[in-house]
Asks: 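One structure, as structure tokens, below. Some questions next.
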Amino acid sequence: MVEFTIGRNIKAKCDKLIISVKKNDVIKLLNKDEQILESAIKKQNVSDKITEYNLGDYKVYVVLINAKQNPVSWQRLGGEIWKKVKSSREIKVQIVGAIAENLYDFSLGVELASYSFDKYFTKKPSDFYPNLERIIYTGSNLKDFSGYKSFAGLANCVRYARDLINEPANAINPQIMADDIKRLEYLGLQVEILDEEKMKELGFNLAMAVGQGSVNRPKIVVIKWKGNPKENGFKIGLVGKGVTFDSGGISIKPSANMGDMKQDMAGAAVMTATMKSIALQNIKQNIVAVVGLVENMPSGASYRPGDIIKSMSGQTVEVGNTDAEGRLVLADCLTYIQKSFHPKYVVDMATLTGAIVVALGHTFAGLFGNSPKLISELRSAGEYTGERVWEMPMDKEYDKQMDSGIADMKNIGNGRAAGSSTAACFLHRFIEKDTKWAHIDIAGMDLSDGSKTLYPKGASGFGVRLMNRFIKQIASDK
């Protein structure tokens with residue numbers, strides 16, 4: 001982790017970064033040794049590009065920015081700077097015309113970009129050992145860096161989600177993940193683990209069916225945050241799909257890339273990390289999360305295509321494909337959170353369908369819902385954080401595909417076409433009339449190839465910043 005400090009009149013030579021809108025302001029910050037850069041800087045274009053000047057003992061990096069920099073721009077700049085200067089021991093940063101929050105976003109970008117998952121290396125590659133230990137902000141009117149606390153908490157939670165998702169399935173199963181979530185009670189969260197006996201008593205039949213083929217038994221984890229004890233109940237409910245490994249079950253997946261199915265619990269990891277973030281930031285809102293943790297494996301005990309299962313809602317589901325398991329887990333969790341806690345808003349998140357990747361690639365997560373206000377709030381939060389979502393349709397024609405000839409519904413549509421929309425229509429059948437609900441399909445966004453500045457290769461943690469911002473927006477909505 002990088003240390004961020006405020007400094008004045010630092011004389012020791014170290015690498016320097018100067019960020020400003022105006023070239024003349026940059027030139028004013030150069031010392032006598034650096035005056036040779038003046039003509040070069042005057043020729044530099046305003047392009048948000050980082051220009052590097054090597055002065056032998058140290059380097060000077062100059063960024064000429066546009067006047068209107070949004071939070072994501074500052075974060076991306078921090079991430080780009082990290083890549084440039086991580087071999088330095090420390091760097092002195094001078095930003096002209098910035099406010100404190102700009103520096104906080106810049107620092108958040110450094111933290112997001114500098115993440116690595118190196119736990120299982122016995123001999124770590126050299127690039128896992130960046131030299132950069134300290135970033136010193138100078139020339140600002142900041143007295144201290146205490147305002148960064150909430151940003152640091154958010155960075156911590158993105159890293160936490162990434163850690164969970166990056167773990168192999170032999171290190172994270174339903175019991176281990178449930179126990180890890182239970183540990184978060186030290187932050188003031190209330191965590192309850194529902195074991196298989198309690199799940200059976202409550203009617204989690206769909207979730208239990210998905211997990212019945214595995215030796216690792218399913219768990220449901222309920223996480224509560226009472227940030228506003230004066231209010232009764234919970235305004236916001238979060239639901240996450242936590243399939244700690246998805247082989248596809250009897251409808252087994254192809255072997256190619258099956259190892260990536262350790263990340264099929266990304267929705268649960270993100271919603272758990274979101275709950276951690278609101279505790280660290282002490283958000284004054286009552287929020288409850290339910291995550292369904294199962295492992296979908298083939299065995300003699302597995303559920304089968306053709307099975308008919310009665311859900312917690314009382315509706316019956318014909319299993320058309322055991323690899324369409326995430327929606328079954330979510331369905332019972334959605335029913336439970338509505339019946340038990342009656343939140344005004346419910347948002348679920350899941351790596352649900354490959355079809356959403358076909359539709360949106362790796363740029364947007366798919367967004368479905370029954371409330372224009374909720375959809376608008378989530379899109380706004382996505383634009384603010386750079387974790388963007390795109391609204392997708394749930395037409396009656398899609399919903400009709402989920403009808404079964406021998407049960408209330410089936411768990412797959414008619415073929416692969418519009419698979420993400422038919423999956424959302426399935427979930428919608430478990431939403432009560434007065435509940436404002438949204439479903440976010442993060443398949444395609446949960447893993448990064450390392451090409452995006454703020455997402456190192458591996459688990460992205462996509463959704464934590466989005467949901468944290470959304471909750472803050474709703475919390476301020478009177």
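These figures come from a predicted structure and were not determined experimentally.
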Asks: Is it true that R183 and D180 make a salt bridge, defined as a side-chain N closer than 4.0 Å to a carboxylate O?
Replies: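 Yes, charged N to carboxylate O under 4.0 Å.
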Asks: Working to the nearest 0.5 Å, report the span between OH of Y303 and OG of S251.
Replies: 7.5 Å
Asks: Within a radius of less than 6.0 Å around NZ of K149, do more than 12 heavy atoms belonging to other residues, nucleotides or ligands occur?
Replies: no
Asks: Would you say D441 and T353 are linked by a side-chain donor-acceptor pair, where the criterion is simply a distance under 3.5 Å?
Replies: yes
Asks: Mind checking what makes side-chain contact (heavy atoms from CB on, under 4.5 Å) contact with S340, not counting sequence neighbours?
Replies: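 S340 satisfies side-chain contact (heavy atoms from CB on, under 4.5 Å) with Y336 once adjacent residues are dropped.
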Asks: Under the rule for side-chain contact (heavy atoms from CB on, under 4.5 Å), what residues qualify as partners of K253, not counting sequence neighbours?
Replies: D246, M258, M261, D323
Asks: Using the test salt bridge (Lys or Arg N to Asp or Glu O under 4.0 Å), find all partners of D264 that sit at least two apart in sequence or belong to another chain.
Replies: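 Listed in chain order: K241.
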Asks: Of all residues at least two apart in sequence or in a different chain, which pass the side-chain contact (heavy atoms from CB on, under 4.5 Å) check with E196?
Replies: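 Only M208, R217, P218 meet the side-chain contact (heavy atoms from CB on, under 4.5 Å) criterion with E196.
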Asks: Once side-chain contact (heavy atoms from CB on, under 4.5 Å) is applied, do any residues pair with I283, and if so which ones, sequence neighbours excluded?
Replies: I278, Q281, Q285, N468, I471, K472, A475
Asks: Looking only at side-chain N and O atoms, does Q190 offer a donor or acceptor that is under 3.5 Å from a partner on K226?
Replies: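 Absent: no donor and acceptor within the cut-off.
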Asks: Do Q401 and T422 have side-chain atoms, one donor and one acceptor, less than 3.5 Å apart?
Replies: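 No.
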Asks: Go through the side-chain N and O atoms of Q69 and R76 and say whether any donor and acceptor fall under 3.5 Å apart.
Replies: no
Asks: For the residue pair Y455 / E387, report whether a side-chain donor-acceptor contact shorter than 3.5 Å exists.
Replies: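 E387 vs Y455: donor-acceptor pair found between side chains.
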Asks: Considering only residues two or more places apart or on different chains, which pairs with a residue in residues 382-402 satisfy ring-ring contact (aromatic ring centres under 6.0 Å, His included)?
Replies: F364-W390
Asks: List in chain and number order the residues that pass salt bridge (Lys or Arg N to Asp or Glu O under 4.0 Å) with E167, two or more places apart in sequence or in another chain; answer none if no residue qualifies.
Replies: K119
Asks: Looking at residues at least two apart in the chain, or sitting in another chain, which of them share a salt bridge (Lys or Arg N to Asp or Glu O under 4.0 Å) with D105?
Replies: none
Asks: Checking T435 now: which residues fulfil side chain to side chain donor-acceptor pair (under 3.5 Å) with it, not counting sequence neighbours?
Replies: Q338
Asks: Check the pair N216 / E295 against side chain to side chain donor-acceptor pair (under 3.5 Å), numbers first and verdict last.
Replies: CA-CA 7 Å; N216 295 308; E295 188 175 66; 3.0 Å; yes
Asks: Is it true that S313 and T335 share a donor-acceptor pair across their side chains at a distance under 3.5 Å?
Replies: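 No - no donor-acceptor pair under 3.5 Å links their side chains.
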Asks: Can you list everything that forms a side chain to side chain donor-acceptor pair (under 3.5 Å) with N414? Sequence neighbours excluded, please.
Replies: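 For N414 the side chain to side chain donor-acceptor pair (under 3.5 Å) partners, ignoring immediate neighbours, are K410.
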Asks: Does D163 have any salt bridge (Lys or Arg N to Asp or Glu O under 4.0 Å) partners at least two apart in sequence or in another chain, and if so, which?
Replies: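 For D163 there are no salt bridge (Lys or Arg N to Asp or Glu O under 4.0 Å) partners, ignoring immediate neighbours.
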Asks: Would you call the rings of F145 and Y148 parallel, tilted or perpendicular if under 30° counts as parallel and over 60° as perpendicular?
Replies: tilted
Asks: Is NZ or CZ of R134 both nearer than 6.0 Å to the six-membered ring centre of F4 and within 45° of the ring axis?
Replies: no
Asks: Return each pair, listed once, that meets ring-ring contact (aromatic ring centres under 6.0 Å, His included) where at least one residue sits in residues 217-239; pairs must be two or more places apart or across chains.
Replies: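 Residue pairs with at least one partner in residues 217-239: F234-F341.
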Asks: For residues E101 and F151, determine if any side-chain heavy atom of one lies less than 4.5 Å from a side-chain heavy atom of the other.
Replies: yes
Asks: Could you grab the distance from atom CZ of R388 to atom OG1 of T363, nearest 0.5 Å is fine?
Replies: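 That separation rounds to 6.5 Å.
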Asks: Over 60° means perpendicular and under 30° means parallel, so tell me whether H439 and W437 are parallel, tilted or perpendicular.
Replies: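 Ring orientation of H439 relative to W437: parallel.
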Asks: So which atom in V191 and which in K182 form the shortest heavy-atom distance, rounded to 0.1 Å?
Replies: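 Scanning both residues, the minimum pair turns out to be O-NZ, 2.8 Å.
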Asks: Taking atom CG of L108 and atom CZ of R465, what is their separation to the nearest 0.5 Å?
Replies: 6.5 Å
Asks: Validate the cation-pi geometry between K235 and Y345: distance from NZ or CZ to the six-membered ring centre under 6.0 Å, angle to the ring axis within 45°.
Replies: no
